[in-house]
Amino acid sequence: MSEVRVRIAPSPTGPLHLGTARTALFNFLFARHTGGTFIFRLEDTDQARSTEAYELDILEGLHWLGIRWDEGPGIGDEPERGSYGPYRQMQRLERYEEAATRLLAQDQAYYCYCTPGELEAERRRQEAARETVRYSGRCAHLTPAERGAFEAEGRRPVVRFRIPPNRTIAFDDIVRGHVEIDTAALGGDLVILRSDGTPLYHFTVAVDDAAMAISHVIRGEDHLSNTPKHILLFEAMGAPIPQFAHLPLILNPDRTKMSKRKSQTAVADYRAQGFIPEAFVNYLALLGWSTGTEEEVLSQAELIERFDLSTVNSAGAVFDRERLVWLNGQWIRRLSPDDLMDRLRPFLQADLDAGRIDWLPSDEEIRALLYVVQERLPTLAAVGDLIRFLFVKNLDPDVAAMVPKRWDAATTAAALSAARRTIADVGRVCWEADEIEPPLRSLVEDRRWQAGDLFMAIRVAVTGRTASPPLFDTMVALGYERTLARLDRAIEKLEAQAAAAP
RNA sequence: GCCCCCAUCGUCUAGAGGCCUAGGACACGACCCUUUCAAGGUUGAGAUCAGCGGUUCGAAUCCGCUUGGGGGCACCA
């Protein structure tokens, strides 16, 4: 078998899309598994919609996911790599022109002078007559005189590639098996060069895949019906035909092709929401493929080792955010403390910028909290919800939340006062969770309280919420002075409440 | 409209003719653990394998049809 060369060829007409990321990943996994070459090529011939910002978003997004290419553009100041370049189609225009010229010379392509208006009218008529919509081939056999007349009118021709009218194109798709499509269904002769001379997608794909010696074309199922056009172009250029593998589409919950209208499709958004690349890659790899075992949490290395294109599913897969969140939690729990700390910092900074906390916790403060926080994080962005109360100056605990069902405001105030004395005594000696808990438990026992009642009252007093990391660790993180101050403030509020409504 | 593809729990999937009274995971319920929230553990509910015909001693698995869904048919990619 010849060398494996695969490619991802996104178009910078939008931010990195989930589907592009998944296709890139499958190409990458296949290349790494087989020891082949993974190529990145930018399809930027749609000048009207392409932007540099999108290009950067795609480059950086794939990089963030840990998907590296062997050939393709560099990021930032990095130079382009690979000997089949350039890898930006706008820098390959002469090649398409040359290829088109060759096809014209061989009469496999011709100039077409139909205007967009004429084409539009033709299509309407076909639709009205319930005919198959296709280019009629009006310009397929113009005489030099006719061409001259059109030129004299000032018409600028497109170049069309001749699609044979009655041929069945067959290929063996790696994921779908044998596929046959009749050329009659292809819509007639294909425009390969616009009237301004720039090339169109189906043409550039075939020219570049041939020039870059692509061995396997791995892409979304939405290209399945277009494959015969590409095969015909490969044939016309005398290029070998690559193997095809059409991946199932990623779907909206209503099972239509995933779109930004109905789902969140930008990879950057997931990143901003605190998903980590390990989980994202893991999730994407398992959308439409599985190892065949019951393994679910897999690293990039494990995915590469197990990946097999021939066991990719053929049915579309609904994107399930809940499952992604679960995997994200799995991966967050596997991070080392230092790593987690580094990844959390930007999210805490964002909380500070948004005014949700009053100062940025120091590394020591974060480190002290890691072990209580790590198993509670579904996403990195959730860190604020978990520990925000530690980094605000003032807390205004809700009295109703503080008072357990069995108590009223006055008894809660009294209980907290007793607890405050106990805590104050402990803290002077040694401010550690193991030192705080026993005396509070004996207090509970002496007074015949329910442990949960007292602890909940303290929790709300000290954190302002009914759900928090473990209470004693939380108090340690808060510090002796601030814990007491918050208890005092809570007792004040409770007493005021008790006095107002006895 | 025409062409192509697809079809197992709500979702992602295992399943390559007997191992399937269909397994796992997410989500959901219960219980255990427990100071709350998580995490973890145990467990439950959840799929007449879209339907109908065939092939076969035997079908979720092979074939055909039907139905349903999706995708493609640009001087977009």
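Chain letters run A, B, ... following the sequence lines, proteins first, then strands; residues in each count from 1.
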Measuring only the P atom in each nucleotide, how far is B:G24 from B:C37? A whole number of Å is fine. 28 Å
Between A:Tyr135 and A:Arg138, is there a cation-pi geometry (under 6.0 Å to ring centre, at most 45° from the normal)? no
Taking only side-chain nitrogens and oxygens of A:Ser290, does any of them come within less than 4.0 Å of OP1 or OP2 of B:A14? yes
Ignoring hydrogens and angles, state whether a donor on the side chain of A:Tyr87 or A:Asp208 is under 3.5 Å from an acceptor on the partner side chain. no
Over how many whole Å does the gap from A:Trp326 atom CH2 to B:G10 atom P extend? 20 Å
Of the candidates B:A77, B:C26, B:U35, the side chain of A:Asp46 sits closest to B:A77
Starting at atom CG of A:Asp473, determine the distance to atom P of B:U36, rounded to an integer number of angstrom. 14 Å
In Watson-Crick or G-U wobble terms, both distances under 3.5 Å, what is the partner of B:A22? none
Verify whether one side chain among A:Arg194 and A:Thr198 offers a donor that lies under 3.5 Å from an acceptor in the other. yes
OP1 or OP2 of B:G40 versus the side-chain N and O atoms of A:Gln374: is any pair under 4.0 Å? no
How would you label the contact of A:Asn226 with the nucleic acid (heavy atoms, under 4.0 Å): base, sugar-phosphate, or nothing? base
Specify the residues of residues 247-261 of chain A, ordered by number, for which at least one heavy atom lies under 4.0 angstrom from an atom of RNA chain B. A:Leu249, A:Arg255, A:Thr256, A:Lys257
